[in-house]
Amino acid sequence: MDILKLITAGSVDDGKSTLIGRLLYDSKSILIDQLEAIEKQSKNKEQGEIDLALLTDGLRAEREQGITIDVAYKYFSTPKRKFIIADAPGHIQYTRNMVTGASNSDLVIILIDARHGVIEQTRRHSIIASLLQLPHIVVAINKMDLVEFKEDVYNNIVIEYSKVAAQLGLKDVTYIPISALNGDNIVDKSDKMPWYQGESLLSFLEQVEVEKDINYTDARFPVQYVIRPQTEELHDYRGYAGKLISGVFAKGDKIIVQPSGLTSKIKSIEIGGEEIDEAYAPQSVVLQLEDDIDVSRGDVIVPVDNLPHVEQEVDVLVCWMANKPFAAGNRYFLQINSRVVKTVVKEIDYRLDVNSLEKDYSIKSAALNDVVKAKIKTASPIVFDEYDKLRVNGGAILIDETSLVTVGACMIQTLNP
Amino acid sequence: MSKYHFDYLDNLESEAIHIFREVAGQFERPALLFSGGKDSITLVHLALKAFRPGKFPFPLVHIDTGHNFPEALAFRDHLAEKIGEKLIVRNVEDTIKAKGLTEQKGKFASRNALQTFTLLDTIEEFKFDACIGGARRDEEKARAKERIFSVRDEFGQWDPKLQRPELWNTYNGKIHKGENVRVFPISNWTELDVWNYIRRNNIELPSIYYAHEREVLEYENQLVATSEFIRVDPGDSIVRKTVRYRTVGDMTCTAAVESNASTIEDIISEIIATKTSERGETRIDDRVSEAAMEDRKKNGYF
Ligand SMILES: Nc1nc2c(ncn2[C@@H]2O[C@H](COP(=O)(O)OP(=O)(O)O)[C@@H](O)[C@H]2O)c(=O)[nH]1
């Protein structure tokens with residue numbers, strides 16, 4: 001049994017909450033007291049049946065406004081998998097929530113209302129999924145009951161969406177016609193759509209392979225913390241604690257510490273004080289090195305023959321998440337894994353229209369929910385791989401210097417020539 | 001399947017260890033809030049994996065309401081001693097006296113709300129900048145949106161609208177003076193995940209998690225242990241039953257479940273078969289209102 005992290009995207013009323021409620025309900029993850037609570041509320045709303053959407057509507061402020069305003073996480077399991085669903089709202093202004101949810105997901109379910117087909121927001125969600133390099137995409141064509149479960153409605157939407165997928169270069173796209181409300185093609189295959197040859201949504205989610213998304217080639221070990229017991233028997237012990245975010249390390253491997261460039265060999269690999277011979281992503285371990293060299297939090301240990309980039313000037317795609325504008329000359333903290341450096345925005349190249357992919361070169365600053373390409377310069381070098389090549393070592397956050405709030409998500413692109 | 005198979009518990013464990021080390025790396029004065037329950041015992045186990053052979057870079061801190069199960073307190077002291085880590089205990093009783101706080105009245109008068117005062121005073125006393133806790137997102141709806149690093153103001157308050165977006169596995173722990181962060185390393189675990197992890201790692205628990213005979217008061221379908229802290233009225237039904245606890249909080253507001261499960265395997269089978277979620281079944285205080293948890297969180301409760 002492993003874990004699949006997924007995110008649902010759709011515009012308001014496409015049936016996202018109903019779908020998640022349905023998955024939880026049909027996988028028997030909703031327990032009696034939770035059901036009682038939503039039954040009570042469903043009655044308050046004077047609806048006859050229970051309203052599955054209420055299961056995912058978290059906070060009171062939102063209940064009062066009647067909309068979802070943030071990312072909420074839901075959990076369910078089947079004997080094959082544990083599922084973690086990030087529920088990101090479909091509201092137009094909440095690009096940032098989808099970016100946040102997508103950054104931690106392996107798969108996105110993009111909901112389309114069968115009556116409306118591909119709309120502006122479908123494109124927007126797909127563009128975000130492609131910017132964040134989500135490995136798997138499911139296009140769930142919902143409310144099939146409202147179009148009499150007709151095959152040609154489904155086929156037309158598949159054709160329409162394939163164009164979007166081709167334009168964005170989306171690779172792994174799966175189409176499933178469903179009715180979230182009635183449970184058609186959710187857990188079991190629906191007898192109302194005999195023309196559909198594929199699997200039900202849940203059995204697809206149970207089988208989609210995520211293990212092969214893990215990179216076992218490029219070992220990257222960001223140091224989080226240095227363990228120094230300084231006891232009598234462990235007087236000289238220096239253990240570098242961190243998570244191997246990608247790749248494999250074995251005892252004896254020759255390594256280089258970036259950005260310092262110091263080299264050594266792995267003396268031991270430990271978990272909880274016990275030695276192992278080999279570590280692989282995404283294990284959290286402790287490394288000891290043969291040589292007494294200077295290594296501290298924020299450094300990255302990598303193999304001598306497989307190097308990341310170490311640079312101070314990079315191009316980034318930024319999803320801007322704050323009300324204050326993002327503009328050339330602004331300074332921020334940039335955090336990539338455990339490394340924090342000061343950074344300044346050199347220039348903004350263009351704003352990417354997340355509905356049309358058009359580039360606007362005339363803009364001077366970015367506003368909340370904008371996606372822009374920018375050049376930034378850091379006060380000391382950062383150690384990274386291009387986001388396209390290695391997601392786990394190519395994403396960084398921007399932190400406001402005075403409010404200290406996370407204000408932007410950066411996907412590091414190519415190097416500056 | 002590749003030879004590097006990592007199952008769901010391995011994944012959850014590695015994620016939690018990573019979070020622990022981010023706390024150690026980013027904060028000056030962290031603390032691990034230890035309640036004596038299975039979730040915080042699991043945290044201690046994860047911290048051992050994160051920091052051994054070194055010492056924990058934080059003390060264990062217990063806010064003792066004075067209404068705890070004696071078994072849980074004994075276990076707390078035993079565990080702290082066994083692992084050789086520092087334990088700080090602060091008593092709600094002392095805060096009540098010092099500040100002249102008014103205690104709740106009634107049958108199951110709870111000190112849950114007052115706990116917040118002692119916690120905030122303790123944070124102030126030791127200038128803690130990060131408090132690690134065992135809350136899980138599956139426990140309750142308001143928690144489903146909680147961040148792993150959750151920033152609180154000087155009053156311990158949580159503003160659901162001001163939460164920082166959390167991207168990739170990058171945790172922004174920067175705070176202003178006076179603010180602190182609550183950190184939840186097992187956010188993504190469910191109750192069953194915790195039990196399976198306890199089983200896999202043979203983690204020792206207080207005896208009250210396993211079936212035992214006890215005198216209980218039957219009240220609105222819940223079984224509450226009799227103790228000096230609850231009021232028994234004429235006509236109350238008091239019986240002896242074989243019970244166990246699913247969560248361990250105060251004696252006044254934690255209910256037992258009837259069960260013969262005396263091993264961890266039995267407990268796991270019971271949980272799989274069970275139809276009531278953990279909080280609904282055993283936390284009397286959450287029943288008050290749908291928004292009860294949200295209100296308490298805003299006021300600095302964990
Ligand atoms: N007929 C029909 N209605 C649906 C279906 N899925 C959702 N709905 C309804 O569409 C409305 C919006 O659903 P909701 O889940 O709240 O949408 P969200 O805004 O995307 O979370 C509700 O009235 C649902 O009952 C479906 O498959 N068929």
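Keep in mind that what you see is a predicted model, and the values were worked out from it rather than measured. Naming convention: chains lettered A, B, ... in sequence-line order (proteins, then strands); numbering from 1 in each chain.
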Problem set entry | Residue part contacting chain B, namely of A:V340, when any heavy atom lies under 4.5 Å | side chain
Seminar exercise, completed: Greatest number of non-hydrogen atom pairs under 4.5 angstrom with chain A, of B:A16, B:S187, B:A24, falls to B:A24
Problem set entry | Criterion side-chain contact (heavy atoms from CB on, under 4.5 Å) on B:T190 and A:K82, from CA distance to verdict | CA-CA 10 Å; B:T190 62; A:K82 173 183 167 90; 3.7 Å; yes
Exercise. What heavy-atom pair brings A:N104 and B:W168 nearest, and what distance separates the two atoms?
Worked result: OD1-O, 2.5 Å
For this session: Identify the heavy atoms of A:S403 and B:H176 that sit nearest to each other, and give their distance.
Result: O-CE1, 3.3 Å
For this session: Please confirm whether the backbone N or O of B:S14 pairs with a side-chain atom of A:Q283, one donor and one acceptor, at under 3.5 Å?
Result: no
Exercise. Measuring heavy-atom distances to chain B, does A:M1 have an atom under 4.5 Å in its side chain, in its backbone, in both, or in neither?
Worked result: both
For this session: Compare every heavy atom of A:S103 with every heavy atom of B:L167, then report the nearest pair and how far apart it is.
Result: CA-OG, 3.3 Å
Problem set entry | Side-chain donor-acceptor contact under 3.5 Å, A:S338 with B:E22 | yes
Problem set entry | Interatomic distance, A:Y73 atom OH to B:I148 atom CD1 [nearest 0.5 angstrom] | 7.5 Å
Exercise. Is it the case that A:Y75 and B:N188 place a side-chain donor and acceptor less than 3.5 Å from each other?
Worked result: yes
Exercise. In terms of heavy-atom pairs under 4.5 Å, which option from A:T100, A:N337, A:T402 contacts chain B the most?
Worked result: A:T100
For this session: Name the option with the most non-hydrogen atom pairs under 4.5 Å to chain B; the candidates are A:S296, A:G272, A:A102.
Result: A:G272
Problem set entry | Side-chain donor or acceptor of B:R21 paired with backbone N/O of A:G242 under 3.5 Å | yes
For this session: Mind listing the closest non-hydrogen atom pair of B:A50 and A:I227 along with its distance?
Result: O-CD1, 3.7 Å
For this session: Under the side-chain contact (heavy atoms from CB on, under 4.5 Å) rule, what do A:I3 and B:D7 come out as? Steps first, then yes or no, please.
Result: CA-CA 7 Å; A:I3 299 183; B:D7 80 1; over 6 Å; no
Problem set entry | Full working for ring pair (Phe, Tyr, Trp, His ring centres under 6.0 Å) between A:Y225 and B:F20 | CA-CA 10 Å; A:Y225 180 73; B:F20 264 110; over 10 Å; no
For this session: Answer yes or no: is there a donor N or O on one side and an acceptor on the other, between the side chain of B:N172 and the main chain of A:L404, under 3.5 Å?
Result: yes
Exercise. Are any side-chain N or O atoms of A:Q224 and backbone N or O atoms of B:H18, one a donor and one an acceptor, separated by less than 3.5 Å?
Worked result: yes
Problem set entry | Distance in Å, A:I397 CD1 paired with B:R164 CZ, rounded so as to fall on 0.5 Å steps | 8.5 Å
Exercise. Taking it one step at a time, do A:R297 and B:Q26 satisfy side-chain contact (heavy atoms from CB on, under 4.5 Å)?
Worked result: CA-CA 9 Å; A:R297 175 178 167 82; B:Q26 293 195 39; 3.3 Å; yes
Problem set entry | Nearest-0.5 Å distance that lies between atom OG in A:S284 and atom CG in B:D10 | 11.0 Å
Exercise. At a heavy-atom separation under 4.5 Å, does A:E209 approach chain B through its side chain, its backbone, both, or neither?
Worked result: neither
Exercise. Atom CD in A:Q335, atom OH in B:Y171: separation rounded to 0.5 Å?
Worked result: 10.5 Å
For this session: Measure A:V226 against the heavy atoms of chain B and call it side chain, backbone, both or neither at under 4.5 Å.
Result: neither
Problem set entry | More than 12 heavy atoms from other groups under 6.0 Å of CD on A:Q207 | yes
Exercise. Does A:E233 CD have over 12 foreign heavy atoms under 6.0 Å away?
Worked result: yes
For this session: Check each atom of B:I175 against the heavy atoms of chain A and say whether the ones under 4.5 Å are side chain, backbone, both or neither.
Result: backbone
For this session: Can you tell which part of A:I245 gets under 4.5 Å to a heavy atom of chain B, answering side chain, backbone, both or neither?
Result: neither
Seminar exercise, completed: Honestly, the part of A:C410 sitting under 4.5 Å from a heavy atom of chain B is backbone
Problem set entry | Closest heavy-atom pair and its distance - A:I399, B:K174 | CG2-CD, 4.2 Å
Problem set entry | Short N-O contact, A:K5 and B:E15, less than 4.0 angstrom | yes
Problem set entry | Intermediate values then yes/no, side-chain contact (heavy atoms from CB on, under 4.5 Å), A:K243 and B:N169 | CA-CA 11 Å; A:K243 185 164 88 173; B:N169 296 308; 3.8 Å; yes
Exercise. For the atom pair OG1 (A:T406) and CZ (B:F149), what is the distance rounded to the nearest 0.5 Å?
Worked result: 10.5 Å
For this session: Below 4.5 Å from any heavy atom of chain B, which atoms of A:Q230 appear? Answer side chain, backbone, both or neither.
Result: neither
